[in-house]
Amino acid sequence: MFALASVHSRPYSMNPLRLLQSTAALAMLTTAVPSSSAIEVKLDATKTGAPISPYIYGQFIEHLGRCIYGGIWAEMLEDRKFYFPITADYSPYRTLKDSAYPVVGASPWQIIGDAGAVTMVKEGAFVGSHSPRVNAGAGLRQRDLGLVAARNYDGYLWAKPLTGGAEIEIALVWGEGASGRASTRLVFAGDGFSRQTFRFAPTTGSENGGALELRVIRGDVLLGPPSLMPADHVHGMRADTLALLKQLNGTVYRWPGGNFVSGYDWRDGIGDRDRRPPRKNPAW
């Protein structure tokens, strides 16, 4: 969904009709000329001015509905910086529940295993006010992911082992049983956060029945942001959405636009995107 301004795909010159309208308006404003005076206007339609730059007119996009998240931005995971505390009460959608695009108003992460094995920790948080501590034997799951068959999906996970070392199983789920999932194990060591990557390719698609699971196999950990994107993304933007935008032939896109700008602090957009603070959108 985009708010559109006037768009011109190529330069154009003022046409004679527009020039005539402008001249007539100017004539009406010249009230000081006596009514008995004759006014002669000559038009030369063969003379045109310099072309208007195609970059004067364009479009803007903002964080409204699924325009950015779930739209042009390729990141598939909601609240990957854990802005909302993770609790045993898994009820992420608070508005538009019965629509195709429900809005997250609580943590979209569902606890796997013992709910008491997942706590929110302020000290040493990766980013924001807290990070989830997940003990061995427990994990987190994010559901309602849309997946395309045979497409590669790239992801990564930040984690900090709290007991000398840790092993985390990452699984992408698109169906029932062993044939409906793929998994890999990531090993984390050292005293700080480190990032490990993974790639999956589901054999069948699912409009919103996919899930990403993070299970701590060995050692207790603090989790940093996970990520999951289609492997063909273009600097974080969805390739299929960019292809549709090209069909609009817009020369300039102003981002961010709209009411979102009123609550945006440019300093929040500096540096590694994983380290940028999570913010609530005050406009929408």
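If you read the sequence from its start, that first residue is 1, and numbering goes on from there. From a predicted model like this one, the values you see are computed outputs, not experimental measurements.
Counting heavy atoms from C-beta on, the side chains of F188 and Q196 come closer than 4.5 Å. T197 is not listed as a side-chain neighbour of L186, based on a closest heavy-atom distance of 4.5 Å or more. Two residues are said to be in side-chain contact when any heavy atoms from C-beta on lie closer than 4.5 Å; T95 and P102 fail this criterion. Between F84 and V104 the shortest side-chain heavy-atom distance falls below 4.5 Å.
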Report task. Would you check, one step at a time, whether the test side-chain contact (heavy atoms from CB on, under 4.5 Å) holds for Q59 with L248? Result -> CA-CA 10 Å; Q59 305 173 9; L248 292 179; 3.9 Å; yes
Requested in this report: Step by step, work out the side-chain contact (heavy atoms from CB on, under 4.5 Å) result for Y101 and L96.
Outcome: CA-CA 7 Å; Y101 306 103; L96 300 179; 5.6 Å; no
Report task. Please report the C-alpha distance between K97 and S99 in whole Å, then the side-chain angles of each, then the deciding distance to 0.1 Å, and finally whether the side-chain contact (heavy atoms from CB on, under 4.5 Å) criterion is met. Result -> CA-CA 6 Å; K97 293 181 181 180; S99 73; over 6 Å; no
Report task. With side-chain contact (heavy atoms from CB on, under 4.5 Å) as the test, would you mind laying out the steps for R218 and V187 before giving the verdict? Result -> CA-CA 9 Å; R218 172 175 58 86; V187 176; 4.2 Å; yes
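Closest non-hydrogen pair, T203 versus A149, comes out as O-CB, 3.6 Å. Summarising the geometry of G210 relative to S206, their closest heavy-atom pair is N-OG, 3.5 Å, with the distance given to 0.1 Å. Scanning both residues, V221 and P161, for their nearest heavy atoms gives CG1-CA, 4.2 Å. Contact detail for P230 and R151: the closest heavy-atom pair is CB-CD, 4.0 Å. Listed here is the closest heavy atom pair of P282 and G263: CG-CA, 3.8 Å. Between E62 and I68, the closest heavy-atom pair is O-CG1, 3.4 Å.
Checking each of I170, L77, D154 against L228 for a side chain to side chain contact (heavy atoms under 4.5 Å, CB included) leaves exactly one that passes, namely L77. For the salt bridge (Lys or Arg N to Asp or Glu O under 4.0 Å) criterion with D268, the lone passing option out of R275, R276, R279, K280 is R279.
Scanning for ring-ring contact (aromatic ring centres under 6.0 Å, His included) contacts around F198 gives F200, with sequence neighbours left out. Every side-chain contact (heavy atoms from CB on, under 4.5 Å) that D274 has, sequence neighbours left out, goes to R80, F126, Y156, W158, R195, P225, D272. Residues that satisfy the side-chain contact (heavy atoms from CB on, under 4.5 Å) test with R238, not counting sequence neighbours, are A74, D240, T241. Under the rule for a side-chain contact (heavy atoms from CB on, under 4.5 Å), the partners of R185 that lie at least two apart in sequence or sit in another chain are E167, E169, I217. Partners of A115 by side-chain contact (heavy atoms from CB on, under 4.5 Å), not counting sequence neighbours, listed by chain and number: A88, I111.
Between the side chains of D89 and S91, no donor-acceptor pair of N or O atoms lies under 3.5 Å.
Checked against the 6.0 Å centroid criterion, the rings of H63 and W255 qualify as a close aromatic pair.
Summarising the geometry, atom OG1 belonging to T204 is positioned 8.5 Å from atom CG belonging to L147; distances are rounded to the nearest 0.5 Å. In this structure, the separation between CD1 on I72 and OH on Y253 is 8.0 Å, given to the nearest 0.5 Å. The CG atom of L157 lies 10.0 Å from the CZ atom of F193; values are rounded to the nearest 0.5 Å. Within the model, atoms CG of L140 and CD1 of I86 stand 4.5 Å from one another, a figure rounded to the nearest 0.5 Å. In this structure, OG on S107 lies 8.5 Å from OH on Y90, to the nearest 0.5 angstrom.
For the pair R66 and E78, the salt-bridge criterion is met [side-chain N within less than 4.0 Å of a carboxylate O].
Side chain of W174 to backbone of L145: no donor-acceptor contact under 3.5 angstrom is found. Side-chain atoms of Y153 come within 3.5 Å of backbone atoms of V148 as a donor-acceptor pair (strictly under, hydrogens ignored).
Pairs of residues two or more places apart, or lying in two chains, that qualify as side chain to side chain donor-acceptor pair (under 3.5 Å) and include a residue from residues 120-148 are Y93-D144, Q110-R141, R133-N135, R133-D220, R141-E213.
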